[in-house]
Asker: 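Handing you a structure now.
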Amino acid sequence: MTLTAPTLTDLAVATHERVVHVEGLPGGLSALIAIHSTARGPAAGGLRMRSYDSFDAAVEDVLRLSHGMTLKNAAADLPLGGGKAVIMGDVATQKTPELMEAFGMAVDQLGGDYRTAEDMGMTPEDMAIISRQTKFVAGLPGKSGDPSPITARGVFLSMKVAAKHKFGSDDLNGKRVAMQGLGHVGWHLADMLHEAGAELIVTDVNEDALDEAVVSFNAKVVGLDEIYGQDVEIFAPCAIGAVLNAKTIPMLTCEVVCGAANNLLATPEDGQRLVERGILYAPDFVANGGGIINATPEIIGQTQDAAWLEGKLQALSNNMDAILSESLRSGLPPHEVAEHMVEAKVSLAA
Ligand code: NAD
């Protein structure tokens with residue numbers, strides 16, 4: 001089959017450097033590629049494929065996610081800007097090798113301003129197909145590999161920092177931790193917490209994962225909605241976004257929230273709600289930076305270096321320490337402190 005290069009049409013979006021609508025993909029599909037910022041380097045962020053209710057919903061998702069990547073990449077002091085891509089379609093029935101190759105052509109047409117990788121609905125094998133058409137792709141089989149163990153380490157280190165500020169010691173031995181989600185990151189985090197002597201209370205939609213957690217970590221299993229009201233010191237949301245909101249925050253009894261999921265605050269006001277409840281929130285885009293740190297050498301064409309990776313994880317932990325210290329000193333919500341810090345880094349680089 002011969003592939004025709006898709007058409008790239010720019011959308012007028014004031015908040016982003018460039019947003020293109022990729023039309024003419026196989027199967028009658030289209031995609032969006034959003035470049036939020038290249039001030040610190042090429043805009044890096046994964047490709048997501050899912051069905052959206054409307055074109056506007058897909059635009060909203062890609063804009064929000066690409067902005068989030070600018071925050072995450074700058075917070076981790078990586079030489080990367082923020083970008084993201086979405087293909088509007090059903091992964092189960094519409095993902096084909098031709099689609100992946102054509103998307104690769106679109107990425108290539110951007111000349112390296114956007115670097116793609118895996119996100120929801122994508123696999124390393126899909127990235128390998130994309131790489132037939134562009135070199136601006138990471139997450140290939142046998143390269144940087146599964147990012148979730150490193151993401152979990154960053155969350156674990158962040159949790160220790162938050163515990164130091166809130167409880168006077170970073171020792172998690174005996175701490176009760178409520179975990180929402182035992183997937184790739186959640187499982188590794190649960191393992192580290194169990195090893196550190198924490199008591200785990202867990203929930204997930206996946207019953208097999210819960211059964212395994214009972215056996216492996218002696219975890220207590222609770223229902224999906226019960227997780228918020230557990231009598232715990234720490235809440236670790238590692239499943240989905242927007243779980244810190246006007247409905248759930250009044251239910252929390254914990255003193256620290258630190259998890260892996262992206263966009264945990266449903267609205268910026270929810271950060272203030274947590275402050276008012278005396279709950280210390282470790283901002284998600286700082287805590288979960290381990291995954292993109294792990295992928296950065298591959299994205300920028302360098303070899304993995306274990307010492308560099310360790311140094312970056314230590315820097316993530318120091319960064320979290322500075323953010324939480326400043327939040328407690330100033331009374332500003334931690335996510336606002338972190339965003340101000342990142343905005344300064346991005347504008348310095350611009
Ligand atoms: P995953 O899909 O492997 O795991 C998510 C888990 O959450 C699954 O076990 C799933 O069954 C469970 N789940 C889904 N909905 C739930 C609900 N309503 N209540 C409870 N559990 C639910 O994903 P992951 O790779 O572990 O990532 C977890 C989160 O961290 C995601 O939000 C992801 O975007 C974010 N994140 C992941 C990485 C990484 O390295 N994988 C890096 C940065 C951020």
Side-chain angles (χ1 to χ4, degrees), residues 44-50 61 64-66 68-69 71-73 75-76 78 80 82 84 86 91 117-124 127 138-139 143-159 178-193 200-213 216-217 219 221-230 235-245 247-248 251 257-266 282-296 298-299 309 312-313 316:
L47 164 64
R48 170 174 290 197
M49 181 169 178
R50 56 169 284 214
D61 203 29
R64 189 180 52 89
L65 290 165
S66 53
M69 287 310 299
L71 294 178
K72 189 183 301 203
N73 294 341
L78 299 171
L80 299 173
K84 203 85 183 184
V86 299
V91 176
E118 283 169 78
D119 192 70
M120 201 187 280
M122 291 296 133
T123 64
M127 297 303 116
K143 292 288 182 70
S144 58
D146 178 5
S148 45
I150 307 295
T151 303
R153 278 195 55 207
V155 176
F156 182 73
L157 292 172
S158 298
M159 199 181 277
M179 295 198 61
Q180 183 180 50
L182 290 170
H184 288 94
V185 182
W187 188 267
H188 288 292
L189 180 63
D191 196 22
M192 283 182 252
L193 287 168
L200 300 183
I201 293 139
V202 298
T203 195
D204 198 297
V205 290
N206 176 353
E207 304 228 335
D208 291 342
L210 294 174
D211 291 345
E212 277 184 53
S216 303
F217 312 130
V221 174
V222 297
L224 293 177
D225 291 335
E226 287 170 1
I227 197 74
Y228 302 104
Q230 293 301 308
F235 175 42
C238 299
I240 49 171
V243 295
L244 300 172
N245 54 50
K247 185 173 159 224
T248 59
M251 294 157 73
V257 175
C258 179
N262 287 311
N263 303 316
L264 281 169
L265 298 173
D284 49 12
F285 63 84
V286 182
N288 70 15
I292 187 73
I293 289 172
N294 182 62
T296 295
E298 186 187 352
I299 294 170
L309 188 62
K312 291 305 277 183
L313 282 171
L316 182 155

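Remember, it's 1-based here, ligands and their atoms both numbered in the order they're listed. These figures come from a predicted structure and were not determined experimentally.
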Asker: State which residues pass side-chain hydrogen bond (donor to acceptor under 3.5 Å, both in side chains) with S158; sequence neighbours excluded, sorted by chain then number.
Answerer: none
Asker: Donor-acceptor pair, distance only, cut-off 3.5 Å: does the side chain of S144 make one with the backbone of A295?
Answerer: no
Asker: Of the options I227, T203, D204, L189, which is the one that meets M179 in a side-chain contact (heavy atoms from CB on, under 4.5 Å)?
Answerer: L189
Asker: One pair per line, please: each N/O atom of ligand 1 matched with every protein N/O atom under 3.5 Å away, atom names first, then the distance to 0.1 Å.
Answerer:
unit_1   : atom_1 : unit_2 : atom_2 : d
ligand 1 : 3 (O)  : H184   : N      : 2.9
ligand 1 : 3 (O)  : H184   : ND1    : 2.6
ligand 1 : 9 (O)  : G183   : N      : 3.4
ligand 1 : 9 (O)  : D204   : OD1    : 3.4
ligand 1 : 9 (O)  : D204   : OD2    : 2.7
ligand 1 : 11 (O) : D204   : OD1    : 2.6
ligand 1 : 26 (O) : H184   : N      : 3.0
ligand 1 : 26 (O) : V185   : N      : 2.8
ligand 1 : 30 (O) : A260   : O      : 3.2
ligand 1 : 32 (O) : A239   : O      : 3.0
ligand 1 : 34 (O) : N262   : ND2    : 3.0
ligand 1 : 40 (O) : T151   : OG1    : 2.7

Asker: With sequence neighbours left out, what residues match E118 under side-chain hydrogen bond (donor to acceptor under 3.5 Å, both in side chains)?
Answerer: none
Asker: Applying side-chain contact (heavy atoms from CB on, under 4.5 Å), name anything that partners V205, two or more places apart in sequence or on another chain.
Answerer: L224
Asker: Looking only at atom types and distance, does a side-chain atom of K84 sit under 3.5 Å from a main-chain N or O of M69, one as donor and one as acceptor?
Answerer: no
